[in-house]
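Here's the structure we're looking at; comments come further down.
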Amino acid sequence: MAKAPKALCHQCPLKDEPFVPPSGDANARCVIVGEGPGRTEVAEGKPFVGQSGKLLDAVLKEVGIDPEDTYRTNVVMCRPPGNRAPTEREVNCCLPRLKEELKHTKNPVLALGKSACEALKIDWTQRGAWLYSDVVEKTVKPAWHPAYVLRRPSEATMLIAELRSYARGEGAQRIFEPEVIWAESPKHLIELLLRCPDDAWVAFDIETNNVMWYDRPDKMSDAILMLQLAWDVDFGVVVSDELIYDYPETAEILQEFFNRVKTVGHNAKFDAVFLRSHIGVNPNVTFDTLLAQYILDENMPLGLKTLAALEFGIADYEKELISMFLKSRNDDYSKIPPVQLAEYGVLDVICTLELRERFEERLRENGQYETPFMDIIMPASHALENVELRGFQIDGDALKKVSKLLQEKIEETTQKLRDIAGDPELNPNSPQQLSEIIYHKLRLPQPRSYKIKKGSTNAAALEALKDEHEIIPAIKQYRRVKKLFTSYVNNVAPLRDKEGRVHGNFLIYGTEVGRLSVRDPALQTIARPDDEYGGMIRGMYCAKPGYKLIHADYSQAELRVMACYSQEPFLLDAYRNDRDLHSEVARAMYGPNFTKADRVICKMFNFSYVYGGSEYSFADSAGLPVDTARNFVRQYNANMPQALKWKSEQFKRAQKQGYVETIFGRRRHFPLITRTNLDEVRKSCVHMVIASTASDLTLKSLIQIENEGIPVVLSVHDSVLAEVPEAQAEEAARRMEQIMEEMGRKYLPDVPWKVDAEIRQHWYES
């Protein structure tokens with residue numbers, strides 16, 4: 001006998017498993033379909049009543065839906081053994097029952113998790129969009145399953161956004177069907193652009209065949225395929241590559257247009273750099289929707305299609321219009337027929353135009369529009385356009401020398417590994433071969449951690465085995481040298497332009513902490529100059545002939561920031577009296593006769609304290625027994641009770657309001673705090689505020705330095721590098737020091753600020 005109407009229970013492998021019926025009113029506002037019942041659901045006889053159900057209820061309340069006003073069911077109504085996902089056969093046996101159930105519901109379906117989406121035959125990847133399921137003949141919105149979010153709390157932001165999008169209702173969906181208008185000539189382009197009122201918001205975007213905007217010795221730059229413009233949702237103007245490149249007057253027409261309107265783009269720095277470098281047109285970007293979303297919530301995905309799905313409920317038009325012409329996301333866009341590419345591009349700019357209004361409103365509601373968005377983020381984006389266009393010189397001879405040295409070191413460490421393993425054919429890049437050597441041939445113990453898979457040779461496994469055998473440090477040494485070579489040396493040569501300069505991609509949105517990051521090449525993650533190889537790799541970068549580099553670096557910026565936030569008397573007194581903080585801490589910890597080694601340990605811990613390190617991580621990095629490190633932490637906290645109190649208050653803020661905030665209005669959000677991420681939240685709520693504040697002081701300094709005509713080539717954490725004519729180096733160094741120190745005094749006046757500016761030929765010189 002069927003457990004529910006239309007269910008094919010007699011054919012189902014789950015027929016003898018516990019059954020949980022649906023709950024709620026079929027006319028409820030929210031119709032929820034999940035995967036299958038869990039242990040708590042079986043015990044209580046209702047779906048979504050366990051931990052995932054509690055999270056679901058909390059999110060529903062957050063987005064304005066009464067949890068009681070819901071109809072809840074699952075793809076399968078009997079619990080799969082071991083809480084596994086239901087099989088296709090099990091789903092198919094229960095599907096007639098699900099169709100019958102949903103036939104009586106009134107509202108669209110919220111499909112939670114991959115199994116629910118697959119059963120309803122909708123695209124799981126289009127979470128947030130309104131999709132139609134032919135299976136149940138209903139509109140469906142896919143979303144994360146709360147059980148998944150409990151395992152990965154960082155995805156809570158996305159779940160909230162998905163359910164908020166559902167709560168707006170199907171009636172809030174925007175359907176964009178714009179007319180695509182091609183500019184046929186410069187004269188026609190002028191006529192089209194004259195339709196746009198002065199000072200209007202205009203969304204712009206370019207399509208390129210790929211992402212490299214500058215020429216390299218062996219390869220030409222990628223090209224602009226078309227430019228799209230929109231100031232109205234009913235149409236978009238398309239400027240073809242022929243009009244862009246073959247008619248010099250087009251650049252003048254576009255520049256005049258951009259000068260009289262307010263421009264908005266999504267990741268607009270990319271488009272601006274292409275336009276400026278290829279045809280000399282500066283779009284003067286006023287608003288970037290990608291950067292706005294980043295400030296609103298650093299945890300959220302920033303892709304335009306995802307945001308369009310969440311905000312407007314529209315399906316991914318990229319899949320519909322252009323994906324079939326591309327083998328991958330990095331494929332050449334010139335393969336796409338111009339008509340389809342233009343339609344796709346016009347939808348991009350119209351979505352961007354509409355997102356701007358929503359994001360500006362939210363930024364203003366949060367008090368984040370003026371600061372940090374308009375007075376830090378957007379000016380920084382403009383300044384970094386200049387930095388990317390300018391590039392950073394590579395010393396070709398130094399590059400060859402470092403490359404040769406690291407390749408020799410790779411060969412040396414490879415041979416050492418083979419000798420230790422007793423295997424002349426060992427491939428150190430093969431995890432399988434290394435696993436065989438470690439766990440079978442050498443019989444080293446499997447690390448006792450649920451986070452480390454059996455037979456693993458990842459970093460965590462090697463760290464757990466570091467004292468077991470000489471092969472472990474040998475593997476770690478090989479991997480480090482290989483990583484340095486591949487990430488910072490071997491990949492750099494193809495990135496140089498014809499003058500030998502690299503043009504890194506500076507990402508304002510690159511980290512949750514709020515710091516800048518750089519890609520292609522990853523200049524900010526090069527090891528410190530006191531590292532065995534870090535100084536050598538940094539030394540490859542230099543000023544061009546007749547120029548000098550100015551390296552201006554805040555002294556202990558993060559520790560000074562912590563002193564100001566915490567108002568810790570010990571820290572304030574040390575800085576106000578210009579005493580060496582690390583020596584002061586060593587004196588407090590070890591007495592007046594402390595040694596250099598004692599000072600090194602205290603310096604290490606000072607920064608570990610900022611980063612939220614535990615006694616375990618400190619013991620590991622300092623090479624101390626855990627008990628010794630624990631006593632050190634206790635004594636340190638006793639010497640700085642106000643700093644300890646501030647850290648505790650930060651954690652309470654994170655728990656109470658779901659975020660912490662800097663003096664510049666940057667926020668770090670913690671939408672879901674569980675046992676899984678509790679320690680991470682405890683660290684992040686302190687470190688983010690300190691690191692982001694120090695980073696923004698540096699960023700604001702960079703903006704002013706660039707605005708005063710001192711050409712910046714790089715910023716790494718709390719330092720700024722500029723390249724100036726040799727005759728102007730001393731004056732530029734003094735001015736950079738002044739700007740950075742004044743910036744510190746302006747925003748954090750409780751401590752004096754010190755900046756060291758050095759004049760060099762190379763980024764690092766021994």
Do R666 and M688 touch side chain to side chain, with heavy atoms closer than 4.5 Å? yes
Value rounded to 0.5 Å, distance of CZ in F506 from CG in L702: 8.5 Å
Can you label the angle between the Y509 ring and the Y294 ring as parallel, tilted or perpendicular, going by 30° and 60°? perpendicular
Exercise: do D419 and Q415 side chains pair donor with acceptor under 3.5 Å: yes
Does any non-hydrogen side-chain atom of I537 lie less than 4.5 Å from one of M540? yes
One should read off an interatomic distance between E737 CD and I550 CD1, to the nearest 0.5 angstrom, of 10.0 Å
Any chance you could lay out the side chain to side chain donor-acceptor pair (under 3.5 Å) test for N429 and Y478, step after step, and finish with the verdict? CA-CA 9 Å; N429 297 316; Y478 169 82; 2.8 Å; yes
Is the closest side-chain heavy-atom distance between M589 and N639 below 4.5 Å? yes
Do other residues, nucleotides or ligands put more than 12 heavy atoms under 6.0 Å from K404 NZ? no
Testing R675, R682, E680 one by one against L678 for a side-chain contact (heavy atoms from CB on, under 4.5 Å), which residue passes? R682
Please check this pair: side chain of E558 against backbone of A694, looking for a donor-acceptor N/O pair closer than 3.5 Å. no
If every non-hydrogen atom of E723 is compared with every non-hydrogen atom of C542, which pair is closest and at what distance? OE2-O, 4.2 Å
Checking side-chain contact (heavy atoms from CB on, under 4.5 Å) between Y541 and each of V502, D395, L714, which is the one that passes? V502
Please assess D222 against Y333 for the test side chain to side chain donor-acceptor pair (under 3.5 Å), listing each intermediate value before the final yes or no. CA-CA 10 Å; D222 296 313; Y333 270 41; over 6 Å; no
Just verifying a value: how many Å separate M740 CE and D718 CG, rounded to the nearest 0.5 Å? 7.5 Å
Does a salt bridge link K416 with E412, judged by any charged N lying under 4.0 Å from a carboxylate O? no
Counting heavy atoms not belonging to M220, are there more than 12 under 6.0 Å from its CE? no
Can you classify the ring geometry of H582 versus F607 as parallel (below 30°), tilted (30 to 60°) or perpendicular (above 60°)? tilted
Please determine whether side chain to side chain donor-acceptor pair (under 3.5 Å) holds for the pair Y590 and T595, giving the CA-CA distance in whole Å, both sets of side-chain angles, and the decisive distance to 0.1 Å. CA-CA 9 Å; Y590 296 104; T595 65; over 6 Å; no
Any donor-acceptor pair under 3.5 Å linking the side chain of S701 with the backbone of L697? yes
If you apply the rule salt bridge (charged side-chain N to carboxylate O under 4.0 Å, His left out), what do you find for D627 with R630, and how did you get there? CA-CA 5 Å; D627 287 343; R630 185 176 293 117; 2.9 Å; yes
Flag this pair as yes if the NZ/CZ of K482 is under 6.0 angstrom from the six-membered ring centre of F485 and inside a 45 degree cone about the axis; otherwise no. no
Would you check if the side chain of S715 reaches a backbone N or O of V720 as a donor-acceptor pair within less than 3.5 Å? no
For atom NZ of K683, is the number of surrounding heavy atoms from other residues, nucleotides or ligands below 6.0 Å larger than 12? yes
Quick check: are there more than 12 heavy atoms from other residues, nucleotides or ligands sitting under 6.0 Å from CD of E468? yes
Derivation and outcome, salt bridge (charged side-chain N to carboxylate O under 4.0 Å, His left out), residues E436 and K441: CA-CA 6 Å; E436 180 68 25; K441 185 173 183 178; over 6 Å; no
Looking at every non-hydrogen atom in both residues, tell me the closest pair between H278 and W213 and how far apart they are. NE2-O, 3.0 Å
Can you check whether A552's main-chain N or O pairs, donor with acceptor, with D756's side chain at less than 3.5 Å? no
CD1 of I224 to CG of N209, rounded to nearest 0.5 Å, is 10.0 Å
N/O donor-acceptor pair under 3.5 Å between Q446 side chain and K453 backbone: yes
Set out, in order, the CA-CA distance, both residues' side-chain angles and the distance that settles side chain to side chain donor-acceptor pair (under 3.5 Å) for R152 and T674, then state yes or no. CA-CA 10 Å; R152 293 172 176 79; T674 69; over 6 Å; no
Nearest heavy-atom neighbours spanning E388 and H503: O-ND1, 2.6 Å
Taking the side chain from H762 and the backbone from Y764, do they hold a donor-acceptor pair closer than 3.5 Å? no
For K319, I'd like to know if atom NZ has over 12 heavy atoms of other residues, nucleotides or ligands within 6.0 Å. yes
So with a 6.0 Å cut-off around CZ of R216, is the heavy-atom count from everything else above 12? yes
To the nearest 0.5 Å, atom CZ of R479 lies from atom OG1 of T457 at 4.0 Å
Taking E726 for its side chain and Y547 for its backbone only, find out whether a donor-acceptor pair lies under 3.5 Å. no
Donor-acceptor check, side chain of N210 to backbone of N330, threshold 3.5 angstrom: yes or no? yes
Please test E385 against K269 for salt bridge (charged side-chain N to carboxylate O under 4.0 Å, His left out), starting from the C-alpha separation and ending with a verdict. CA-CA 6 Å; E385 283 179 27; K269 179 164 63 64; over 6 Å; no
May I ask you to test the H687-K647 pair for a side-chain heavy-atom distance under 4.5 Å? no
Within a strict 4.5 Å, meaning less than it, do heavy atoms of the K466 and L462 side chains meet? no
If every non-hydrogen atom of C602 is compared with every non-hydrogen atom of A586, which pair is closest and at what distance? SG-CA, 3.4 Å
Is R329 paired with E318 through a side-chain N to carboxylate O contact shorter than 4.0 Å? yes
So for atom CZ, which belongs to R443, do other residues, nucleotides or ligands contribute more than 12 heavy atoms lying within a distance under 6.0 Å? no
May I ask you to decide if V689's main-chain N or O and S692's side chain share a donor-acceptor pair within less than 3.5 Å? no
Quick one: does NZ or CZ of R587 land under 6.0 Å from the six-membered ring centre of F594, within 45 degrees of the ring axis? no
salt_bridge(E298, R668) N-O dist < 4.0 Å: yes
Check for a donor-acceptor pair, side chain of Y488 on one end and backbone N or O of T525 on the other, with a separation under 3.5 Å. yes
Give, for atom CD1 of I526 and atom CH2 of W763, the distance between the pair rounded to the nearest 0.5 Å. 4.5 Å
Would you mind reporting whether L507 and R519 have side-chain heavy atoms less than 4.5 Å apart? yes
Taking every heavy atom of P711 against every heavy atom of V724, the minimum-distance pair comes out as CD-CG1, 3.9 Å
Check whether any side-chain heavy atom of N505 lies under 4.5 Å from a side-chain heavy atom of V518, and answer yes or no. no
Between R480 and D531, does any NZ, NE, NH1 or NH2 come within less than 4.0 Å of an OD or OE carboxylate oxygen? yes
How are the rings of Y148 and W144 set to each other: parallel, tilted or perpendicular (split at 30° and 60°)? parallel
Please report the shortest heavy-atom distance between P445 and L465, naming the atom on each side. O-CD2, 3.1 Å
Should V585 and F605 count as side-chain neighbours, where that means a heavy-atom distance under 4.5 Å? no
With a 4.0 Å cut-off on N to O distance, would you call R501 and E499 a salt bridge? no
